[in-house]
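Note on naming: letters A, B, ... go to the chains in the order of the sequence lines (proteins, then strands), and numbering restarts at 1 for each one.
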Amino acid sequence: MSVVAQSRSRSRDRLGRACLVAPALLYVLVLLVGPLAGIVYYAFKSGVGEIGTAFGQSDVRHAFYLTAVIMLITVVATSIFGVVVALVLARDRFVGKRIVSAIVDLPLAVSPVIVGLMAVLLFGRGGWFEPFFTAQGIQIMFALPSMVLVTIFIAIPFVIREVVPVLEELGMEEEQAAWTLGASKLQTFVRITLPNIRWGLLYGIALSAARSVGEVGAVLIVSGALQGQTETATLYILRAFDQYQERQAYIVALTLAAFSIVLLIGIETLKRRSARRGH
Amino acid sequence: MAATIEVRGLTKAFGSFRAVDDVSFAAEEGTITALLGPSGSGKSTVLRMIAGLEQPDSGGVWVGGEELTDASVQERRLGFVFQHYALFKHMTVRRNVAFGLSVRGVNKATQRERVEELLELVGLAPFGDRYPDQLSGGQRQRVALARALAPRPNVLLLDEPFGALDARVRQELRGWLDHLHRELGVTSLFVTHDQDEALELANEIVVMNHGRVEQAGTADDIYNRPATPFVAAFVGSSNVLNGVVWERHVHFGHSIVAGAHAIDDGGHAVAYIRPHDVQITPVAGEFSFPVEIERRIDMGWMSKLHLRLDDGQRLVAQLPNEELDGVAAGQHLFANLRNPKVFSRDPSSEAELELAGAEVGDLPPATA
C-alpha cells in the first residue's frame, strides 16, 4: 500500500471514529454537563452571599448533618458486609450460589421506593418486627435506624460488585503461600488480601458513599421527611423545590453534586498515581 | 536440620474422581525426592495434602516422625514453593522474603540479617527493593525459594518449580537448586512431569499414574528396571514391540527378543527398548534380526535411525555417528536389542498400553 493510500485510509478511520464519538459526546454534554452548569448558574445567580445565608439556616445544616451521618454509617457497614459477602461469593462453593449472587444485585434492579415499602412491611405499624422493637422502646420507622437500613441495602451491591472480580482474579495462591509461611487467617487477610483488593474496595466505597448521599425514594418513605428531624439533604431539595425556594434547592444540590464529583475524581487520581508507581 | 517425610495410604477424591488412591512412600531425611507423573496423575494433590492445603479422605502424613494429618497449614511449618511463584505483588522482594519471619514475630534486626543472608544465597542481593513484576521468571522463582526457606523449614515442598520457565532458565535453575540442596541439606520433595528433571535432580523418584504409585526407587531402578509398562514407557523414551512368547523369548515375525522369563509359552508380550539399546550390525548374530533403514537423521554427534522390521513394526535407534560409518537409508542390515523390558500383555487392556507406548522414540513431556 502506498504512503498516500495508507494515510487516506487512516484519515477515513479517524472520520469514522469521530462520527461515533460525536453523538456520545453530545449526549454527555447536553444531559450531564448542561444541567450541572445550570445548577451552578442558578446557585450563584444571586451572589455568593446567598450561599452563606442558605448554609446559615438550621434546617439546611441539619439536613447535611443527617446525610453525613447516614453516609458514614453506610460506608462502614457496606465495606464490612460487602467484603464478607464478596469473599463468600468469590471463594466458597455452595448450592444456590447463583441465586445468592442474583439477590445481591436485587437492590440495583428494584426501585428504591419499593425498598422503602419493604422496610415499612418489616418495621412499620403491624410489620413483622414492629412488636419486638416497640417492646424494646426502639424507634425504627420515621427515625435514623430505618433510614440507615434502607440506605445500606441500596448501597451494598456497589462494594460487592467491585470486590468480587478483584478477588476472583487474585485467586488463592498468595493467601495459601502466606499460610504456609505461618500467617494466621486474620494476618493473611490484613496483610495479603486487603492490600490486593484495596483499589476495588475503595472504588466500591466511593460509589456506595455517592449513592447513599443521593438516595431519595426509600428514605422518603421510611423517614416521613420531617423538617429539621428526618430530612436529609436530598429530601430538603425536594421540599425547597416544592415551596418555590429554588435558590436554596440549587445551592444544596450543587453541594451534593460537588461532593460526589470530588469523591470520584479523588479515587481516580489515587488509582492512577498508584498505577504509575506500579503498586 | 532436616526430617523424613512419610505418607501412608493417602486417598483423595474430588466428587467421583479418585485423584489420589492409596499413595504411600517415604522421602528420607536430607534427600531430594521427585514425584513424577503425567498431568492429572495426582502428584500435585499429594504435595498439597502434605502441606495441609488439601485434606485427605483417608491416610496420613508424617514429618520427622510426627503425625501432621490433622495439623493446620500454619502448624506444619513446611516450606512450599508454588508453580506460579505466588509472590506478594504489593511487597518488595525483601518484604516478601521477610514475611514468614515477621508473621511469627521474629525481631526486626534478626529479620533483616536473615533476609540479606537469603538474598545473598539466591543471588538476588541487588534486587531487594524491587517489586515482583520487575523481575524475570527465574528471579521470581528464586525469590519464592528464599521466602520459603526464610523460616528455616525442615522440609521443602516444590510444586512444578520450573514448570513455567523457558528451557534455558529451567536448566540453569535445576543446577542451581541441586547446588543449594547440597549446601542446606533440607529434605526436598518436588513435583514434576519432566522425567529429565526428576532423573537429574532426585535421589529417589516416585512415579505416579492415575492417582497411584507405579514405582518408587532410584533413577537407576526407574530407568533400567521399570516395574510396570507405564514406567517403562513414561520414563525415558522407548520403542514398543508387541509379540508372542515362545521358550522365554518374545517373537515378532522373524525377530526375537530375549528376557521373557516369567511369561508362559503362547502368551502375549510387549517389549520396551531404549533407542540407545538398539545396535546395528552388518552381519547376522544369534539374536539379531534383519531391518531396513528407512531414514537417518544426523544430529551432529549421533544419529537417529528409523528402522523397519520384517513384520512391519518400527523401531527408532540412537547411535553415535562413529558407529554408523556408511549407514544410509535404504540399506538392509541387522539389529540387536539390549536390555529389553518385557511385560506380559493382556490384549483386553490394549488401550492403556497404546497410550503408554504411543510415542515411539521420542516422548514429548506431558503438559501440567
Side-chain angles (χ1 to χ4, degrees), chain A residues 79 83 86-87 90-98 162-205 267-279, chain B residues 14-15 44 47-48 50-54 71-92 95-106 129-135 140 143-153 155-160 164:
Chain A
S79 30
V83 169
L87 279 170
R91 294 289 159 76
D92 294 347
R93 288 202 190 122
F94 53 90
V95 184
K97 182 169 159 177
R98 285 210 173 151
E162 288 296 322
V163 173
V164 166
V166 183
L167 279 173
E168 276 170 353
E169 203 200 313
L170 176 64
M172 291 211 57
E173 271 209 341
E174 285 190 38
E175 289 168 31
Q176 290 179 342
W179 299 344
T180 65
L181 291 165
S184 69
K185 300 253 161 144
L186 182 67
Q187 280 174 319
T188 304
F189 177 75
V190 172
R191 298 180 61 167
I192 306 300
T193 316
L194 208 52
N196 272 302
I197 63 171
R198 67 193 188 281
W199 292 114
L201 180 59
L202 262 183
Y203 207 70
I205 286 175
I267 293 287
E268 267 321 308
T269 316
L270 276 176
K271 228 175 172 177
R272 197 153 304 163
R273 192 176 298 168
S274 83
R276 203 176 312 136
R277 216 184 54 224
H279 303 277
Chain B
F14 295 110
S44 281
L47 198 76
R48 292 173 64 82
I50 296 171
L53 294 169
E54 303 276 359
S72 71
V73 183
Q74 289 88 347
E75 285 165 349
R76 298 191 189 204
R77 294 176 161 262
L78 311 176
F80 198 100
V81 175
F82 291 80
Q83 180 180 2
H84 299 288
Y85 330 123
L87 294 180
F88 306 135
K89 293 187 281 291
H90 60 291
M91 294 184 191
T92 59
R95 288 189 51 214
N96 261 285
V97 178
F99 187 85
L101 304 170
S102 101
V103 292
R104 286 187 175 131
V106 173
D129 292 321
R130 295 236 187 140
Y131 285 91
D133 59 4
Q134 297 166 319
L135 301 176
R140 284 181 211 180
V143 175
L145 210 77
R147 183 179 69 177
L149 289 171
R152 299 182 194 278
V155 157
L156 190 60
L157 307 173
L158 306 103
D159 190 3
E160 298 266 4

> Is it true that the side chains of B:Glu160 and B:Ser44 contain a donor and an acceptor less than 3.5 Å apart?
Replying inline: no

Could you tell me which portion of [X] (side chain, backbone, both or neither) has an atom closer than 4.5 angstrom to a non-hydrogen atom of chain A?
{"X": "B:Ser102", "answer": "both"}
{"X": "B:Arg76", "answer": "neither"}
{"X": "B:Leu87", "answer": "backbone"}
{"X": "B:Ala148", "answer": "backbone"}

> With only heavy atoms counted, which part of A:Ser184 is less than 4.5 Å from chain B, the side chain, the backbone, both or neither?
Replying inline: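 It is the backbone, since no side chain atom gets that close.
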
>> With a 4.5 angstrom heavy-atom cut-off, is it the side chain or the backbone of A:Gln187 that approaches chain B, or both, or neither?
In response: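 Contact with chain B involves the side chain of A:Gln187 alone.
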
Looking at every non-hydrogen atom in both residues, tell me the closest pair between [X] and [Y] and how far apart they are.
{"X": "B:Leu156", "Y": "B:Leu149", "result": "CD2-CD2, 4.0 Å"}
{"X": "A:Leu170", "Y": "B:Lys89", "result": "CD1-NZ, 3.7 Å"}
{"X": "A:Ala177", "Y": "B:Ala86", "result": "CB-O, 3.9 Å"}
{"X": "A:Val164", "Y": "A:Ala90", "result": "O-CB, 4.2 Å"}

>> Taking every non-hydrogen pair under 4.5 Å, which of B:Tyr85, B:Phe99, B:Phe80 racks up the most with chain A?
In response: B:Phe99

> Heavy atoms, side chains only, cut-off 4.5 Å: are A:Trp179 and A:Lys185 in contact?
Replying inline: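 A:Trp179 reaches A:Lys185 side chain to side chain.
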
